[in-house]
Amino acid sequence: VPRGNGFVGRHRPDFARTSDTWFRGIELVRSHDQGFYLLDWQDTGECHENDGVHRTSGRIYKVNFGKGKTGAPDLGQLSEELLVQKLVGDRWQFEQASMELRTRMARNERTEQRVVDLVKQHQSPDHANLSLFRTQLSSDCGSEMLYNRQGPLAGLPGSSRPTEVRERACREALISIGNEQALRGTVIPEEPLVDLASQFDSPRVRQRIASLLFRMEESARFSVAGALAAHEKDEQDQNQSRLIWYAIEPGVVRFPPQAARLARESQLLLLTELITRRLSEELDRADIAAEVLGILRSARGERLSRALRGMASALKGRRRVSPPATWGEFAKQSLDREQRQLVKQISVVFGDGQTFDELRRLADDRSGDSRVRGRALLTLAENGTDDLAGLLNRHFGDKEVRRYVIEAYAYCDHPTVGERIIGQFPRLKPAEQRAGINTLTKRPHWAQLLLEAVEKEKVDRSLLTAWHARQIVNLGDRQLTAQI
């Protein structure tokens with residue numbers, strides 16, 4: 001069913017069921033009587049055609065609602081006049097007549113001109129199917145259908161016709177452009193796509209343009225992406241922001257000014273977050289650091305929150321990164337609670353001693369929110385605060401933040417961590433036990449203690465998953481691997 005710029009599948013009650021356990025329905029094909037054919041790759045062997053012996057297996061079912069018609073008409077026996085009439089029929093007639101006509105036209109130039117004349121002379125020349133057929137027939141490149149000497153969109157078939165007709169023609173033209181690029185290596189034009197994305201308010205057309213971005217020159221993608229990202233209504237679409245992002249991502253660090261401008265102006269805030277994250281991974285470059293700070297300074301409200309999330313995500317796990325110039329001034333401006341917390345998290349990576357001290361105060365404040373205290377402990381651990389083992393040991397007995405402490409122990413290579421967690425394991429809550437096992441599988445000597453505890457039944461072996469086993473094997477210790 002339609003959703004946003006695309007579609008989503010929904011499970012509906014089964015209209016038919018099979019008792020064949022080897023049924024493999026793989027394709028549906030429309031039939032002449034508004035039913036469909038169902039292809040069943042019925043294969044009782046293994047690996048399907050891997051050994052080449054199952055190529056003749058399979059079944060074809062015919063499915064109809066009510067009583068279907070017998071005998072599909074052979075359109076290959078019809079004249080061009082009758083085939084053109086079939087173009088304005090139902091979907092099956094259009095598809096079959098279009099395919100037959102295009103096949104004949106490819107074989108004979110006279111037939112090609114004759115069909116073009118018949119379409120022009122049709123009693124319903126503005127019919128949507130005929131507009132679509134004309135688009136398919138165009139011998140010019142797809143870009144000429146969208147942009148010619150008369151100006152943007154003037155070359156679009158049916159440019160003065162209803163929106164639904166133009167939308168179908170647009171989509172066909174865009175498909176043509178993609179095919180030309182794939183087959184001939186032609187350069188996809190930038191200007192007509194910018195115009196189309198800006199002027200034509202169709203979510204389907206915008207999605208089709210977004211799918212073409214990755215075929216364009218990297219430097220040309222940002223202007224088209226900017227036109228697409230100006231549509232705020234696409235913010236909730238499940239695909240559009242990501243289609244754009246995957247196309248522009250390779251060029252973000254190659255063209256920082258264009259990427260930063262898109263981050264500042266985009267109405268699709270996921271793009272703001274992802275661009276800021278990617279740029280923040282390269283803060284060692286002064287030009288990129290300046291662009292990142294420019295994004296932050298110009299942003300307000302939710303856009304600023306998303307940019308800070310992207311930056312924090314990029315810096316997570318890193319230690320002692322040089323801050324952008326004037327970061328300190330930015331960090332002092334008025335921010336909401338979430339933004340302030342993100343700034344603190346980022347400032348720690350930048351080695352801000354005052355932020356370290358503030359995080360320690362937050363962690364030690366037993367009257368504060370346990371989640372805030374826990375995140376403060378994790379941030380300190382991730383960024384290598386002094387005397388981490390002592391800090392975590394002090395808070396291990398605090399039930400409000402014990403789970404966070406156990407997670408933070410993973411950053412602390414201290415010999416007593418394993419014994420501390422194993423010794424208290426029976427008294428830990430389920431969430432704390434899971435966190436404990438995750439931490440104990442991070443280092444060989446801790447993993448050894450964990451396996452010994454499992455063998456002595458101090459730790460329930462059912463708590464260890466395949467993921468934990470793989471984590472221990474990846475430690476590269478032969479003795480531990482043998483015990484697993």
Evaluate the side-chain proximity of [Y] to [X]: yes if any heavy-atom separation is below 4.5 Å, no if none is.
X	Y	result
His231	Asn5	no
Leu28	Tyr37	no
His395	Glu400	no
Thr379	Lys344	no
Thr416	Tyr409	no
Leu296	Leu304	yes
Glu291	Arg285	no
Leu449	Glu419	yes

Next item on the list: Might you work through the side chain to side chain contact (heavy atoms under 4.5 Å, CB included) test for Lys442 and Val417, ending with a clear yes or no?
Entry: CA-CA 12 Å; Lys442 298 292 176 62; Val417 168; over 6 Å; no
Going by side chain to side chain contact (heavy atoms under 4.5 Å, CB included), [X] matches just one of [options]. Which one?
X	options	value
Ile244	Leu268, Ile209, Val224, Leu274	Leu268
Leu451	Leu440, Thr441, Ile484	Ile484
Ile295	Arg261, Arg264, Met311	Arg264

[X] versus [Y], closest heavy-atom pair with distance:
X	Y	result
Leu308	Phe330	CD2-CE2, 4.2 Å
Asp477	Gln479	OD1-N, 2.9 Å
Cys412	Arg443	N-NH2, 4.1 Å
Arg340	Ala331	NH1-O, 2.6 Å
Ser280	Val292	OG-CG1, 3.8 Å
Gly25	Leu38	CA-CD2, 4.3 Å

Test: [X] and [Y] ion pair at under 4.0 Å:
X	Y	answer
Arg278	Glu249	yes
Arg277	Glu273	no
Glu338	Arg309	yes
Glu452	Lys456	no

To the closest 0.5 Å, what do you measure between [atom1] ([X]) and [atom2] ([Y])?
X	Y	atom1	atom2	result
His414	Leu392	NE2	CG	10.5 Å
Leu377	Tyr411	CG	OH	12.5 Å
Lys233	Gln240	NZ	CD	12.0 Å
Ile275	Ile248	CD1	CD1	4.0 Å
Asp336	Gln341	CG	CD	11.0 Å
Glu190	Asp195	CD	CG	10.0 Å

Note to self: Please verify the inter-ring angle class for Phe36 with Phe15; under 30° counts as parallel, over 60° as perpendicular, anything in between as tilted.
What the structure shows: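 Aromatic pair Phe36/Phe15 classed perpendicular.
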For [X], does the [atom1] atom sit with more than 12 other heavy atoms under 6.0 Å from it, leaving out its own atoms?
X	atom1	answer
Glu232	CD	no
Arg204	CZ	yes
Ile26	CD1	yes
Arg371	CZ	no
Arg470	CZ	no

Item checked: Distance under 6.0 Å and angle within 45° of ring axis: Arg420 vs Phe396 ->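 Checked: cation-pi criterion met.
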Notebook entry, point to check: Should Ile346 and Leu315 be marked as a side chain to side chain contact (heavy atoms under 4.5 Å, CB included) after you check the CA-CA gap, both sets of side-chain angles, and the distance that decides it?
Noted result: CA-CA 7 Å; Ile346 295 167; Leu315 297 175; 3.8 Å; yes
Check: Hey, is the main chain of Arg24 close enough, under 3.5 Å, to the side chain of Asp40 for a donor-acceptor pair?
Finding: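 A pair under 3.5 Å: yes.
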Next item on the list: Take Val1 and Val8 through the test side chain to side chain contact (heavy atoms under 4.5 Å, CB included) and record every step on the way to the result.
Entry: CA-CA 6 Å; Val1 296; Val8 294; 3.7 Å; yes
Margin query: Taking salt bridge (Lys or Arg N to Asp or Glu O under 4.0 Å) as the cut-off, I'd like each qualifying pair that reaches into residues 206-228, sequence neighbours left out, listed once.
Written below: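 Listed by first then second residue: Asp201-Arg206, Arg206-Asp234, Glu218-Arg254.
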Next item on the list: Indicate whether the side chain of Thr18 and that of Asp20 have a donor and an acceptor atom separated by less than 3.5 Å.
Entry: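 Side-chain D/A pair, Thr18 to Asp20: absent.
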Next item on the list: Go through the side-chain N and O atoms of Gln483 and Gln448 and say whether any donor and acceptor fall under 3.5 Å apart.
Entry: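 Present: a donor and an acceptor within the cut-off.
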Check: Given Arg373, which of Asp364, Asp365, Asp398 fulfils the salt bridge (charged side-chain N to carboxylate O under 4.0 Å, His left out) condition?
Finding: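 Per the salt bridge (charged side-chain N to carboxylate O under 4.0 Å, His left out) rule, the option paired with Arg373 is Asp398, out of Asp364, Asp365, Asp398.
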Notebook entry, point to check: Can you name the residues that form a side chain to side chain donor-acceptor pair (under 3.5 Å) with Trp327, not counting sequence neighbours?
Noted result: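 Trp327: side chain to side chain donor-acceptor pair (under 3.5 Å) contacts with Ser347.
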